[in-house]
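Lettering follows sequence order; numbering is per chain, from 1. Any value given below was found using the heavy atoms of this structure, including those in side chains, with hydrogens, waters and symmetry copies removed.
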Amino acid sequence: MTEQIGFQPLPPWQRTDYCGTLRPSDAGRRVALWGWVNARRDHGGLVFIDLRDREGVVQIVFNPERSAKAHELARSVRTEYFIAVKGEVVLRAPNTVNPALPTGEVEVMAEALEVLNTSLPPPFPIGEEQQITEEVRLRYRYLDLRRPRLQRNLRLRHAIARATRAYFDELGFVEVETPILWRPTPEGARDYLVPSRVNPGRFYALPQSPQLLKQILMVAGFDRYYQIAKCFRDEDLRANRQPEFTQIDVEMTCPTPEQIMAVIEGLLARIYRDTLGISIKQPFERLTYDEAMERFGTDKPDMRFGLELRNITSAFAGTEFNVIKRIVSEGGQVYGLRLPAQYQLVRRELDELVTQTQSRFGLGLSWAKLAERDWQGPVAKHLGAYERAKCVEALDLEAGDTLLFVAGPQSVARSALGEVRLSLGHKFSLCSNDSLCFLWVVDFPLFEYSEEEKRLVSVNHPFTAPKPEDLPLLESDPLAVRALSYDVVLNGEELGGGSIRIHNSELQLKIFELLGLPREEALKKFGFLIEALSYGAPPHGGIALGLDRIAMLICGTESLRDVIAFPKTQKAVDLMSGAPAEVDPSQLKELALKLV
RNA sequence: GGGGUCGUAGUUCAGCCCGGUUAGAACGCCGGCCUGUCACGUCGGAAGUCGUGGGUUCAAAUCCCAUCGGCCCCGCCA
């Protein structure tokens with residue numbers, strides 16, 4: 001029975017070369033290869049096999065005159081069999097060269113063949129680029145990963161990690177691993193919980209980030225820390241969000257924001273150099289949060305194109321346009337955007353934008369086209385000469401342009417028009433994939449007010465230090481306090497963010513208090529941090545970058561799943577293994593858990 | 001929690017609006033022939049829970065309802 005399986009644990013010979021690396025200079029060499037059958041062409045007398053390994057494909061020729069045995073066996077071989085071949089590298093006759101293949105000037109005349117494993121016919125072709133539904137790809141992830149595209153992506157990802165480690169090592173940073181079993185935290189995202197068998201009724205949480213641990217490493221004197229760290233958040237998934245993801249986590253003792261930004265600019269430059277061979281422009285552009293919101297309606301503007309927003313509220317000071325009049329009288333603001341004449345939208349496209357804006361933000365989007373003689377569009381008749389002149393002045397409108405504007409509460413109006421701006425950028429292909437617009441957004445507000453929870457919440461996290469000049473406002477006007485924080489943005493995608501931290505236990509307790517966490521409770525939940533800060537904690541600060549997102553941009557893909565070896569679906573399921581899975585009742589019992 | 005979209009052979013899709021042949025095509029797969037192919041060619045063949053359940057109807061891949069799953073988005077993600 002067992003003999004029939006024909007299991008051979010060891011290869012018949014060692015490989016001398018990768019298939020994809022053979023070149024004319026190898027002609028005459030006897031080589032040993034192994035790999036997967038990419039394609040087989042059986043001519044009866046002659047058999048050709050394209051053999052594939054991670055470096056590429058080379059053609060193997062089975063000629064009965066060289067080896068009748070190998071030729072006979074080759075006829076029975078099928079796609080994706082894993083085989084070992086010995087043979088001689090020869091130059092191809094000029095008329096049989098395949099210019100489509102890097103190895104196309106040579107081929108291997110087979111002298112011996114061993115089938116190390118057979119294969120079922122694969123559910124989708126491995127060798128060619130064909131669109132396969134993601135469901136099938138994820139179910140057979142090991143086959144999807146065998147395809148050149150994902151091989152390339154994961155090797156680029158490896159290059160990013162390698163560049164990161166080399167860079168930080170050269171700058172004297174120490175990589176420290178922090179625990180995966182950690183403490184549940186009250187603020188932030190939902191935690192993944194892990195029950196403790198030894199402590200029934202108590203739970204670990206998987207870390208949302210090593211934030212507090214890296215701060216404590218500064219207290220501990222490591223001075224410069226980095227880690228390529230796995231993080232976990234139990235929130236709903238998106239194309240660019242997975243429940244577990246990887247951060248490049250960094251913390252320094254006594255840095256200025258400028259120093260941290262310089263270190264990160266250097267890192268990104270190194271990553272782009274070592275992966276794509278591209279040099280990027282430094283220093284990056286910088287905007288304050290207020291500027292970003294005012295000019296682009298978002299805290300992560302895509303700077304590859306203009307179409308900037310302008311506040312045109314003053315143009316409507318005496319308007320007879322009733323809707324706007326009412327909004328402005330209630331303290332609302334009007335934001336406008338100029339779409340230059342070279343970009344024309346048809347009525348249907350404009351209607352679509354209006355509908356989108358209404359459904360997402362509950363605000364009306366108005367537009368008017370500046371035709372030769374008159375303004376056109378449904379709201380043109382509501383715009384008097386004064387408003388028109390003011391809009392033209394504020395936005396430099398010219399004949400043929402389209403004016404788009406939104407009125408409403410300032411933050412909503414800006415965000416809504418910011419979305420319109422992005423839609424226009426995509427519609428008119430203003431986002432070139434070749435341009436890399438890096439940007440720092442600085443001075444975020446420290447707090448925002450949560451309508452839902454009826455209290456202040458941290459914009460970043462509660463360990464972020466306020467700007468020293470805003471400290472006096474903490475009590476009187478906390479919403480006006482700005483943070484010593486910085487986000488790095490590339491082409492409208494947030495790559496990461498960080499801040500200078502609070503290293504003073506009293507100020508930290510004060511911040512908790514403002515967030516609705518009384519001293520006693522703060523000590524219960526964050527006592528270890530407060531205590532650590534009390535033992536000579538140095539000033540410190542840092543940043544964390546999303547490694548997966550950087551990999552996405554470097555690989556030029558739209559989905560995080562294309563740069564993660566074993567990703568999960570939108571319902572957080574691994575289609576290959578079936579995780580998460582049900583467990584045996586005895587496991588629950590041992591953990592003192594009961595399902596509700 | 002909500003909105004959109006898709007689900008038909010191993011794969012990619014057509015058929016669905018407007019219900020009515022034996023549900024098709026390409027690639028893949030199986031078998032024959034073939035000594036210069038490389039998406040080999042050629043001859044022949046097999047292959048379907050039309051996601052699942054219910055309903056309407058003389059009759060459902062097709063219409064209706066529910067449900068499951070993939071993807072995109074909103075909420076959520078300090």
* To do: Taking salt bridge (Lys or Arg N to Asp or Glu O under 4.0 Å) as the test, write out the residues that go with A:Asp26, two or more places apart.
  => A:Arg29
* **Pairwise ring pair (Phe, Tyr, Trp, His ring centres under 6.0 Å) hits with a residue in residues 487-521 of chain A, at least two apart** => A:Phe512-A:Phe526
* side-chain hydrogen bond (donor to acceptor under 3.5 Å, both in side chains) partners for A:Glu558, two or more places apart -> none
* Below 3.5 Å, does any donor atom in the side chain of A:Arg41 face an acceptor in the base of B:rC34, or the other way round? -> no
For nucleotides 25-29 of chain B, print each protein N/O atom paired with a nucleotide N/O atom at under 3.5 Å, atom names and distance only.
unit_1	atom_1	unit_2	atom_2	d
B:rC29	OP1	A:Thr79	OG1	3.3

* Looking across every strand, which nucleic acid part, if any, lies under 4.0 Å from A:Val57 by heavy atom: base, sugar-phosphate, or nothing? -> nothing
* Asked: Between B:rG36, B:rC38, B:rC77, which one does the side chain of A:Arg233 approach most closely?
  -> B:rC77
* Under the ring-ring contact (aromatic ring centres under 6.0 Å, His included) rule, collect the residues that match up with A:Phe444, sequence neighbours excluded. => A:Tyr289
* To do: Hey, could you give me each pair passing salt bridge (charged side-chain N to carboxylate O under 4.0 Å, His left out) that has a residue in residues 232-241 of chain A? Not counting sequence neighbours.
  => A:Arg190-A:Glu235
* Separation of atom CE in A:Met109 from atom P in B:rU37, rounded to whole Å -> 14 Å
Under-3.5 Å N/O pairs linking protein and nucleotides 5-9 of chain B:
none

* Asked: How would you list, by chain and number, every residue that makes a salt bridge (Lys or Arg N to Asp or Glu O under 4.0 Å) with A:Glu135, sequence neighbours excluded?
  -> none
* **Side-chain donor-acceptor pair present, A:Gln211, A:Gln215, cut-off under 3.5 Å** => yes
* Can you name the residues that form a side-chain contact (heavy atoms from CB on, under 4.5 Å) with A:Ala93, not counting sequence neighbours? -> A:Asn95, A:Thr96
* Counting side-chain heavy atoms from C-beta on, which of B:rU11, B:rC38, B:rC34 comes nearest to A:Asp42? -> B:rC34
* Give one of base, sugar-phosphate or nothing for A:Pro123, where a contact means two heavy atoms less than 4.0 Å apart. => sugar-phosphate
* Residues two or more places apart in sequence or in another chain: which of them pass ring-ring contact (aromatic ring centres under 6.0 Å, His included) with A:His43? -> A:Phe48
* May I ask whether A:His43 stacks on the base of B:rU37, given the cut-offs of 5.5 Å between ring centres and 30° between planes? => no
* To do: Kindly write out the residues that satisfy side-chain contact (heavy atoms from CB on, under 4.5 Å) with A:Glu349, not counting sequence neighbours, or none if the list is empty.
  => A:Leu345, A:Val346, A:Lys427
* Report, as a single string ordered 5' to 3', how protein heavy atoms within less than 4.0 Å touch nucleotides 70-75 of chain B: B base, S sugar-phosphate only, - not at all. => SBBBBB
